[in-house]
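Remarks on the structure that follows.
Keep in mind that the numbers below use all heavy atoms, side chains included, and drop hydrogens, waters and symmetry copies. The sequence lines fix the lettering, A, B, ..., with proteins before strands; numbering per chain opens at 1. What you see is a predicted model; the values in this text were computed from it and never measured.
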Amino acid sequence: MNATHDTIEPHITVRPIDGGTFTSRWNRFWFEPSSVRGVAQLRGLLCLITACYFVSCLPDVATWYGSEGVLSQGQVAAWASTHGDSNDLRWRISPLFLTDNLVVYRGWLVAGVILCVAVALGRGGRWASIAIWLTLVGWANRSLMIAGLAEPLLSMSWLAASIAPAATALVANDSNGSLDRDWSATLSTRLFAVHGTLVGLATFSTMLAGRVWWNGLGSYALTAPVEDRYFELANWISPMAIHEPLTPLLLWTLPLGLFLAWQPRYQTFGRVLLLTWTIAIALLTSQFLYAATLAAMFLAIRRKLAPKP
Amino acid sequence: MKKRLPKSTTNTDSVTAFANPAMKRLISVAIVVHLTTMALSFTSIVEPSSFHTRVLGLFGAYQQTLHLDADKRAFYLAHGGTNEQPHRIQWTDSLDPSEDDWKPLVPNTTAGLAASDRMARFLSIAAQWSQEERASEVATLLRPLVLKEPNAKSVRIIRLPTGLTTVVDDAAPPPYVARVVRSAESVDLVQIKPARFVTTSPVIEPPVAVPASNESPSK
């Protein structure tokens, strides 16, 4: 006996292979054209900070480099031959390892300053930005163990800044927004912002690894090495009523500011928090270049660069 | 690759949009790889596992060549450790110096500025290496500074006390002390290690041999 059955066609929904929501969001986030002038102003600020960095390296060139310097070619070779783990040096590539001539070192720094001025004025195209980046990296790699917190941040920032087209940083946006827009400006700004967010989160998470950030001494620990601080704030911060509440404030302002800065509604407040944090850190630790570079990265954080199509 | 859209009729805007999907995908992959390596580097600051270190080593050529790596630098700003204390390098021309005989080997620069930071970082690393029993590397590092002071007979690196250090911390011997040995060809630094703490115990007289007894033990 054959039963008859109604044939039921399965209902199949065909989704178009166009990437879906995540891909369109990703493309809008990284590649939607945005104002070139905006990123040019950011780059102009970075030029100022980098020029200050190069100038700050000039006073003690003779201490570290040259034939009698602590990090002369001979010293580095002698150290490398006795240093069991040579991983520290293998990839620190720099043309400055080829010479001990102090004129070359000073000229390198002066060239860096000149390039910063040129890029801030919109001259030299992308190649000038790349040249600053390579100048900075060459110097930082030669610095070996004396390079600090500012160098990796500056390198990250110049990697981002080199992507955007050249434009002068000195002309303000006009109210009509009649400016060139380019996808590479968006990519550049986003890299600035994401780098800053990454460094901020890493700073917060590694602070948590120290007991001083749990027992209320963290803010005091920033100022404790008084002889190595430009502003002697240890005495001002030593009362328990000041350093104990200030410690969690410094700790939690950073992730809170990052979260709020990425929310369109609270973007301005988030950025104010982050800038306040960087100013406080600069005053307490005397790490001025580090704080300034991080502040520039935080300024790039914004959810919307271009209006939704 | 680039698609230039028509210019606006009201102003001189130009908009350059990205029209090549293949190049867009390639750049997207590069972004992901780059940010992953950055995250790996910045999460290795405190105490990375051996696996983490090995994975990071795969990207060493990219990260270190472009100076993008965190390199275990103190991005945490402060943990209150001894390496955060101010360090100073001093010399003396006395073979049996008192505290007053020690003088700065490097002129003081303005505290908190970049030059001062560099020297502080250098001396902190030298002190740390000294405590890791890497005396020959420390001697190599310090030799150019010592050469600039021909009268130096001893050099040392000291840690200055801070509000976070205890009396016990401050009483600890300097992390590095060395005698300067000069010859016609070279100047060498011979580290003088601090006296180790020793535990003392009362003198115990050796037991005196007792002759065997002829009496049988009582039951």
- Message: Please classify the contact of A:L154 with chain B as side chain, backbone, both or neither, using a heavy-atom distance under 4.5 Å.
- Response: neither
- Message: Please classify the contact between A:Y290 and chain B as side chain, backbone, both or neither, with a heavy-atom cut-off of under 4.5 Å.
- Response: side chain
- Task: Check each atom of A:A234 against the heavy atoms of chain B and say whether the ones under 4.5 Å are side chain, backbone, both or neither.
- Result: neither
- Task: Measure B:L141 against the heavy atoms of chain A and call it side chain, backbone, both or neither at under 4.5 Å.
- Result: both
- Do side-chain atoms of B:T162 reach the backbone of A:P225 as a donor and acceptor pair under 3.5 angstrom? no
- Message: Taking the basic N atoms (NZ, or NE/NH1/NH2) and the acidic carboxylate oxygens, is any pair closer than 4.0 Å for B:D71 and A:R92?
- Response: yes
- Atom group of A:A147 that falls short of 4.5 Å from chain B, counting heavy atoms: both
- Among all residues two or more places apart in sequence or in another chain, which pass the salt bridge (Lys or Arg N to Asp or Glu O under 4.0 Å) test with B:D117? none
- With only heavy atoms counted, which part of B:L160 is less than 4.5 Å from chain A, the side chain, the backbone, both or neither? side chain
- B:I31 portion near chain A, given a 4.5 angstrom heavy-atom threshold: side chain
- Atom group of A:W64 that falls short of 4.5 Å from chain B, counting heavy atoms: side chain
- Which atom names give the shortest non-hydrogen contact between A:N141 and B:T65, and what distance separates them? ND2-O, 3.0 Å
- Task: Give, as side chain, backbone, both or neither, the part of B:D69 having an atom under 4.5 angstrom from any heavy atom of chain A.
- Result: both
- Check the side chains of A:W30 and B:S28 for a donor-acceptor pair under 3.5 angstrom, ignoring hydrogens and angles. no
- Task: Output the residues of residues 43-59 of chain B for which the shortest heavy-atom distance to chain A is under 4.5 Å, in residue-number order; output 'none' if no such residue exists.
- Result: B:I45, B:V46
- Is it the side chain or the backbone of A:S56 that comes within 4.5 Å of chain B heavy atoms, both, or neither? both
- Between B:A114 and chain A, which part of the residue has a heavy atom less than 4.5 Å away: side chain, backbone, both or neither? side chain
